Amino acid sequence: MRIIGVYNIKGGVGKTATAVNLAYLSAQAGLRTLVWDLDPQGAASYYFRIKPRIKGGGRKMLKGKRELDELIKGSDFDNLDLLPADFSYRNMDLMLGEAKGPVKQLLRLLRPLSQEYDRIYLDCPPSISLVSENIFRAADALMVPTIPTTLSLRTYEQMVEFLEGHKVGDVQRMPFFSMVDRRKRMHLDMIKRLPERFPELLQAHIPYASDVERMGFYRAPLGSFAPRSAAGIAYEALWRELEAALKS
Amino acid sequence: MKAQSLQYQLKDSESIGEVVTALTGQFQLTGEPEKTVRHILHDSFDWRLFQSGLQLDEARGAGLHELTLRKLEDDSACETIRLEGPVAGFFHDYPPGLLRDRLATTLQMRTLLPQVEIRRRERLLRLLDGEQKTVLRIALQEQSARPPGRGEYQPMAALVRLLPVRGYDKPLAQVSRFLTAVLELKPQVDPLIVLGLSAIGRQPLDYSSKLNFNLQPLMPAGEVARQIHHTLLNTLEANLPGTRADLDSEFLHDLRVAVRRTRSALSQIKGVFPESEVEKYKERFAWIGQLTGPTRDLDVYLLGFDDYRNSLPEPYRPDLEPLHAFLQTHQKSEQRAMVRKLNSPHFHTLLKEWRAFLAAPPGTESACAHAHKPIGKLAAKRIYRTFGLVLKEGLAINPHSPPEALHELRKSCKKLRYLLEFFQSLYPEDRIKPLIKSLKGLLDNLGDYQDLEVQADKLREFAHQMVAEGEVPADTLLAMGMLVDGLLKRQQASRLVFADRFALFAGREQVAAYQTLFGPDRKKRDVAGEQA
Ligand SMILES: Nc1ncnc2c1ncn2[C@@H]1O[C@H](COP(=O)(O)OP(=O)(O)OP(=O)(O)O)[C@@H](O)[C@H]1O
Ligand SMILES: [Mg+2]
């Protein structure tokens with residue numbers, strides 16, 4: 001089992017789109033895949049048409065009163081399941097804080113699923129919090145969608161600082177460019193210059209494309225309705241790069 | 001995620017339409033286009049997967065070709081792989097992974113064979129919730145079966161299968177209640193392979209190399225002997241096509257075991273057939289043993305090759321490659337020579353005459369002293385006497401006895417083993433099984449002692465042969481020398497544990513068990529025909 005966190009301190013950068021689309025490709029390739037929607041907004045759950053609600057709420061789950069196993073819902077696609085969001089996740093920081101070893105709670109909850117799934121994607125809420133620290137510690141890889149602007153890079157650097165400051169060195173950082181608009185000079189400029197400064201940057205980048213927005217209309221992963229679109233192909237390249245890194 | 005399913009049987013394929021109408025009247029459903037998929041179910045000749053509670057399902061359809069190992073009990077998938085070409089026969093032809101591991105432990109040296117082909121037309125309905133999310137899949141399947149790749153398709157019962165979506169138990173319960181309570185459909189729990197085989201007049205486990213007679217003590221010995229020989233002849237013939245085609249090494253092995261058992265039964269069940277016939281057939285079956293021997297020997301080396309290689313230190317292992325190639329070439333040519341003999345008129349006549357002899361009306365053997373005696377008495381006497389012989393020969397062996405003494409003992413043990421196996425159904429299973437088991441323990445030891453030396457000698461012979469046939473790297477010969485050394489060491493080790501193994505076999509309790517079951521003072525239970 002490999003755990004992939006999709007994370008950025010900033011909101012609205014394409015985290016959920018990435019988690020949903022990569023998980024879909026993973027399942028299509030025959031890997032048993034789970035998406036955990038950790039965002040109380042429940043955007044990932046929405047894309048899968050699954051109600052953002054779990055029996056007993058987040059507190060019972062964290063206390064171990066309910067096994068994650070019982071809360072999982074099958075999606076409309078083979079090999080792809082979802083652990084839905086719940087509104088109570090908005091208090092997740094508080095709930096985690098009450099536990100013993102507050103930064104390792106997610107990992108503890110996920111461990112029993114290791115026989116059942118090959119890949120687990122975590123769709124994370126933005127901002128740095130106890131939740132994100134849990135994610136850093138649980139994940140094998142951290143996908144960081146990054147819009148190619150100077151400001152985005154600052155937040156990426158903040159994240160790196162945090163990881164180093166908190167000695168979460170194990171997780172493999174995988175930033176990649178998201179919502180790339182080729183008409184914008186700054187985007188092109190950043191794409192050219194940055195790989196030198198951040199060698200961990202992935203090759204694949206996701207273009208800004210209305211097909212991605214249409215996921216909200218279809219309520220389905222991009223790969224299921226427009227696999228050969230420019231964005232569809234880009235997600236596939238991104239997924240291959242991720243898998244290659246996970247296997248190496 | 002694919003999950004376990006529930007299935008119900010329809011009266012006939014026409015009623016699929018009625019079921020669809022009834023379901024759409026009750027639930028919010030959406031349909032998918034009809035699909036036709038062919039399922040070919042694979043297993044070994046002796047049903048090793050089925051015996052382990054598994055079925056291997058090759059699915060072929062438009063843009064679909066995959067192989068799924070499923071549990072029989074709930075049809076759940078253990079593992080699925082996509083296929084590029086045909087289904088591979090042996091476990092070692094599969095890529096490393098769960099599927100290969102499972103096949104390795106269940107199939108071992110056996111190959112997969114297609115057992116039945118099922119053509120399935122399926123309509124898939126999806127039950128949706130308020131968000132238009134699929135919460136249950138309902139498959140309506142019309143299917144027919146035929147022997148793989150040939151013949152007419154035979155009709156099978158149509159099925160409705162419920163394919164649950166994880167985390168949505170309520171709709172599953174609602175629909176299954178509707179199917180059983182309102183439509184009055186019956187659950188169907190048989191696995192696909194059973195349904196398919198039954199449509200073509202077969203059933204799983206229709207072959208086994210194990211002896212499974214159901215004898216009664218009062219049956220006349222002549223009749224029992226015929227029954228035993230008949231079964232052995234059927235086994236022999238069942239293995240002929242696979243032996244000729246060299247599908248896997250086990251066909252020939254089972255065939256040879258049937259021949260050995262036949263010869264043993266001929267000499268052990270005395271006085272039931274005319275002596276001259278018995279002598280004639282013993283010789284003729286010995287001929288089959290001889291003509292199949294060389295191929296089997298090479299099969300054994302090839303089967304054990306990995307163990308040979310792994311018994312050497314890592315750096316020397318590649319040196320054995322030329323030996324492997326040598327074994328393979330010779331196996332092929334011996335196999336060809338053997339097949340020529342198996343196809344000869346001589347061989348055909350032998351089997352034909354033997355079958356005719358066994359089918360001759362009872363009474364032909366009325367001249368024979370024991371033909372009409374009850375088998376219970378005869379069996380006990382033979383077993384008890386052979387046991388006595390084994391004891392005597394075994395007790396006489398000391399650390400200085402010559403190898404021949406152990407080889408003789410092995411022969412007697414084999415006789416005893418065949419007798420116990422032929423006649424085990426005359427005795428309570430829980431009493432006779434332990435006896436067979438401890439005898440096997442002794443036989444394994446004696447087998448090691450004799451065979452390891454034969455193997456060592458044979459390897460030296462191979463070495464000379466390889467030199468005579470052409471260039472052989474010196475490293476290969478050296479590596480073979482190491483093998484010979486290892487074999488002889490193991491052989492000596494087996495001699496050292498003999499005393500312990502024999503003591504286990506000849507322990508007080510064992511002797512007492514033989515006495516009560518087979519001894520002259522045993523209760524007259526076989527006469528009364530009751531089970532003690
Ligand atoms: N490559 C893209 N091209 C165009 N629109 C995109 C792209 N990626 C995401 N979007 C759109 O941008 C919005 C935000 O995307 P998304 O929800 O994936 O980001 P997020 O980082 O998960 O946001 P949040 O922080 O709110 O969870 C959505 O409306 C989505 O459809
Ligand atoms: Mg999001």
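Chain letters run A, B, ... following the sequence lines, proteins first, then strands; residues in each count from 1. It should be emphasised that the depicted structure is a prediction, and the values quoted were computed from it without experimental measurement.
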Show every ring pair (Phe, Tyr, Trp, His ring centres under 6.0 Å) that has at least one partner inside residues 110-142 of chain B, sequence neighbours left out.
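Checked against ring pair (Phe, Tyr, Trp, His ring centres under 6.0 Å) - neighbours excluded - no pair reaches residues 110-142 of chain B.
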Residues which pass ring-ring contact (aromatic ring centres under 6.0 Å, His included) with A:Y7, listed by chain and number, not counting sequence neighbours
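So A:Y7 forms a ring-ring contact (aromatic ring centres under 6.0 Å, His included) with A:F136.
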Quick check: do A:Q41 and A:P125 have side-chain heavy atoms less than 4.5 Å from each other?
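No, their side chains stay 4.5 Å or more apart.
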Who passes side chain to side chain contact (heavy atoms under 4.5 Å, CB included) against A:M1, sequence neighbours left out?
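Testing A:M1 for side chain to side chain contact (heavy atoms under 4.5 Å, CB included), a comparison that skips the adjacent residues, returns A:I3, A:S114, A:I120.
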Give the interface residues of residues 112-131 of chain B toward chain A, defined by a heavy-atom separation under 4.5 Å.
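Under the 4.5 Å heavy-atom cut-off, B:R126, B:D129, B:E131 qualify.
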Do the two ring centres, one from A:Y235 and one from A:Y24, sit under 6.0 Å apart?
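No, the ring centres sit 6.0 Å or more apart.
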If we ignore hydrogens and angles and just use 3.5 Å, is the side chain of B:R48 paired with the main-chain N or O of B:R110 as donor and acceptor?
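No, B:R48 side chain to B:R110 backbone: no donor-acceptor pair under 3.5 Å.
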